[in-house]
S.K.: 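My structure is below; once you've seen it, I'll send some questions.
Order of listing sets the numbers, starting from 1, for every ligand and every atom in it.
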Amino acid sequence: MAITSVKNLKEFSTANERFEGAHLLCPGCAHSMIVRELMNCSDDNLVIAANTGCLEVSTAVYPYTAWDTSWIHIGFENAATAASGAEAMYKARKRKGTLKNPDAPVKFVAFGGDGSTYDIGFQWLNGAVERGHDFTYICLDNEVYANTGGQRSSSTPIGSSSTTAPAGRVSYGEKQNKKDMMSIMAASGAAYVAQVSPNKWKNMAQVFQKSLATEGPCYINAISACCTEWKFDPKDTIHISDLATDSLVFPLYEIVGGHELNINYRPKNIIPVRDYLGSQGRFKHLFKPQFEHVLNEWQTRVDAQWDYLQRREEARV
Ligand SMILES: Cc1ncc(C[n+]2csc(CCOP(=O)(O)OP(=O)(O)O)c2C)c(N)n1
Ligand code: SF4
Ligand SMILES: [Mg+2]
């Protein structure tokens with residue numbers, strides 16, 4: 001697997017910018033950090049598909065664009081379809097000898113929000129993975145339908161208050177467990193799957209490079225802190241992301257070839273899940289006495305998941 005070396009911070013900050021600042025994402029939006037890093041960590045030609053969501057509506061407001069690369073906008077459910085279709089056409093033209101520059105490396109990438117990835121575009125993503133296209137799908141996972149005002153998705157975590165599962169005197173908000181897309185994608189035949197977070201930018205760059213260098217479908221679940229819907233100060237995006245990874249609410253790990261699980265980040269000091277939940281307005285009601293059990297269940301669930309991941313890593317099954 002040919003992986004170019006990870007750029008250092010200085011190289012990143014001076015890299016040829018392919019995701020331009022001319023966009024309307026909220027200040028502090030993690031979507032832009034993830035996208036920019038993907039584009040800066042590769043020197044290959046990129047063909048990027050983005051479906052409807054905060055990323056697309058904020059980066060391509062006619063007649064402007066933030067994308068200094070080939071870019072396809074497509075309907076809410078179809079980022080994977082567009083990227084896999086472009087990849088299939090590229091392969092066919094290469095075979096027929098009709099490409100102008102057949103030796104130039106080209107990589108195909110799709111971006112979708114959690115609403116489109118976990119819910120509305122799930123079938124199309126799953127089909128593209130099952131067909132074995134050579135592309136990387138990156139879910140910008142802010143755990144809510146942010147662009148349309150904060151409805152819950154199947155990525156929304158238990159206890160979060162959203163417009164369609166609001167917290168109140170009796171209800172503590174979301175009742176369902178966040179869907180486990182990592183396991184689903186690994187089981188669906190993805191060659192490589194990983195979770196990343198922008199606070200661990202080096203790991204994120206390594207994962208992106210690994211996925212671009214892997215032949216076959218890759219799925220990356222990127223936690224994308226949303227100051228607007230999670231209700232925190234825009235200056236705290238990286239701090240909130242630190243709390244997510246260091247409480248192990250969002251563990252960073254990868255699954256290679258559907259079975260080999262590697263943990264990519266082990267916090268030196270694991271912090272209580274309460275510290276993560278208490279940092280955001282969407283969970284603030286959980287600190288009322290009547291919802292104490294939800295906080296305790298959260299910690300138990302996160303501990304059990306971490307235990308499971310470590311056992312999976314050791315067992316190599
Ligand atoms: C088939 C279809 N259903 C619904 C919509 C309306 N819609 C546009 S963006 C969006 C929310 C996007 O949420 P998500 O995918 O999580 O991305 P985010 O905005 O949170 O980054 C919705 C429901 C649409 N455009 N097409
Ligand atoms: S609402 Fe959230 S995801 Fe959308 S642009 Fe603002 S911070 Fe980013
Ligand atoms: Mg979302």
S.K.: So is His31 close enough to ligand 2, meaning a heavy atom under 4.0 angstrom away?
M.R.: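 Yes; His31 lies near enough to ligand 2 that a heavy-atom distance drops under 4.0 Å.
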
S.K.: Look up atom CG in Asn221 and atom CG in Leu252, then write down how far apart they are to the nearest 0.5 Å.
M.R.: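 These two atoms lie 11.0 Å from each other.
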
S.K.: Is Cys226 close enough to atom 2 (Fe) of ligand 2 that one of its N, O or S atoms comes in under 2.8 Å?
M.R.: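 Checking Cys226: at least one N, O or S atom is under 2.8 Å.
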
S.K.: Could you tell me the residue and atom name of the protein heavy atom closest to atom 21 (O) of ligand 1, and the distance to it rounded to 0.1 Å?
M.R.: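 Of the protein heavy atoms, His31 NE2, 2.8 Å lies nearest.
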
S.K.: Can you say whether the rings of Trp67 and Phe111 are parallel (under 30°), tilted (30 to 60°) or perpendicular (over 60°)?
M.R.: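 Trp67 and Phe111: tilted rings.
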
S.K.: I need the contact type for Asp114 against ligand 1. Using non-hydrogen atoms and a strict under-4.0 Å cut-off, is it side chain, backbone, both or neither?
M.R.: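 The answer is both, backbone and side chain.
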
S.K.: Which ligand 2 atoms are under 4.0 Å away from a heavy-atom of Asn142?
M.R.: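 Reading through ligand 2 atom by atom, the close ones are 3 (S).
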
S.K.: Would you check the N or O atoms of Leu55, main chain and side chain alike, for any that come under 3.5 Å of an N or O of ligand 1?
M.R.: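 N/O-N/O distance under 3.5 Å: no.
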
S.K.: Parallel, tilted or perpendicular for Tyr276 and Trp230, by the 30°/60° rule?
M.R.: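 Perpendicular.
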
S.K.: So which heavy atom in the protein is nearest atom 22 (C) of ligand 1, and how far is it from that ligand atom?
M.R.: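 Ranking protein heavy atoms by distance from atom 22 (C) of ligand 1, first comes Thr148 CG2, 3.4 Å.
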
S.K.: For atom 17 (O) of ligand 1, what's the nearest protein heavy atom and its distance?
M.R.: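 Checking every protein heavy atom, the shortest distance to atom 17 (O) of ligand 1 gives Gly113 CA, 3.6 Å.
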
S.K.: Tell me: protein heavy atom nearest atom 4 (C) of ligand 1, and distance?
M.R.: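 Ranking protein heavy atoms by distance from atom 4 (C) of ligand 1, first comes Phe76 CD2, 3.6 Å.
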
S.K.: Here's one to test your reading of the geometry: is the NZ or CZ of Lys175 within 45 degrees of the ring axis of Tyr172 and under 6.0 Å from its centre?
M.R.: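 Ring-cation test returns yes.
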
S.K.: For ligand 1, does Gln151 get within less than 4.0 Å through its side chain, its backbone, both, or neither, judged by non-hydrogen atoms?
M.R.: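 It is neither; nothing of Gln151 touches ligand 1.
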
S.K.: Tell me which part of Leu140 gets within contact of ligand 1: side chain, backbone, both or neither, using heavy atoms under 4.0 Å.
M.R.: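 Within the 4.0 Å criterion, Leu140 makes no contact with ligand 1.
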
S.K.: Who's the nearest protein heavy-atom neighbour of atom 6 (Fe) of ligand 2, and how far?
M.R.: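 Sorting protein heavy atoms by distance from atom 6 (Fe) of ligand 2 puts Cys26 SG, 2.3 Å first.
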
S.K.: Could you go through the side chain to side chain contact (heavy atoms under 4.5 Å, CB included) check for Ser84 and Arg131 one step at a time?
M.R.: CA-CA 9 Å; Ser84 61; Arg131 293 192 300 274; 3.2 Å; yes

S.K.: Would one find an N or O of Gly53, backbone or side chain, under 3.5 Å from an N or O of ligand 1?
M.R.: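 Between Gly53 and ligand 1, no N or O pair is found under 3.5 Å apart.
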
S.K.: Among all protein non-hydrogen atoms, which one is nearest to atom 14 (P) of ligand 1, and what is the separation to 0.1 Å?
M.R.: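 Minimum-distance protein heavy atom for atom 14 (P) of ligand 1 reads Gly115 N, 3.5 Å.
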
S.K.: Is the shortest N/O to N/O distance between Glu77 and ligand 1 below 3.5 Å?
M.R.: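 No, Glu77 has no N/O under 3.5 Å of an N/O on ligand 1.
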
S.K.: Parallel, tilted or perpendicular for His73 and Trp71, by the 30°/60° rule?
M.R.: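 Parallel: the ring planes of His73 and Trp71 meet at under 30°.
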
S.K.: When only distance counts, is Asn147 in polar contact with ligand 1, meaning an N/O pair under 3.5 Å?
M.R.: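 Yes; at least one N/O pair falls below 3.5 Å.
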
S.K.: Output the list of atoms in ligand 1 that are nearer than 4.0 Å to some heavy atom of Cys54, sorted by atom number.
M.R.: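 Ligand 1 atoms under the 4.0 Å threshold to Cys54: 18 (P), 19 (O), 21 (O).
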
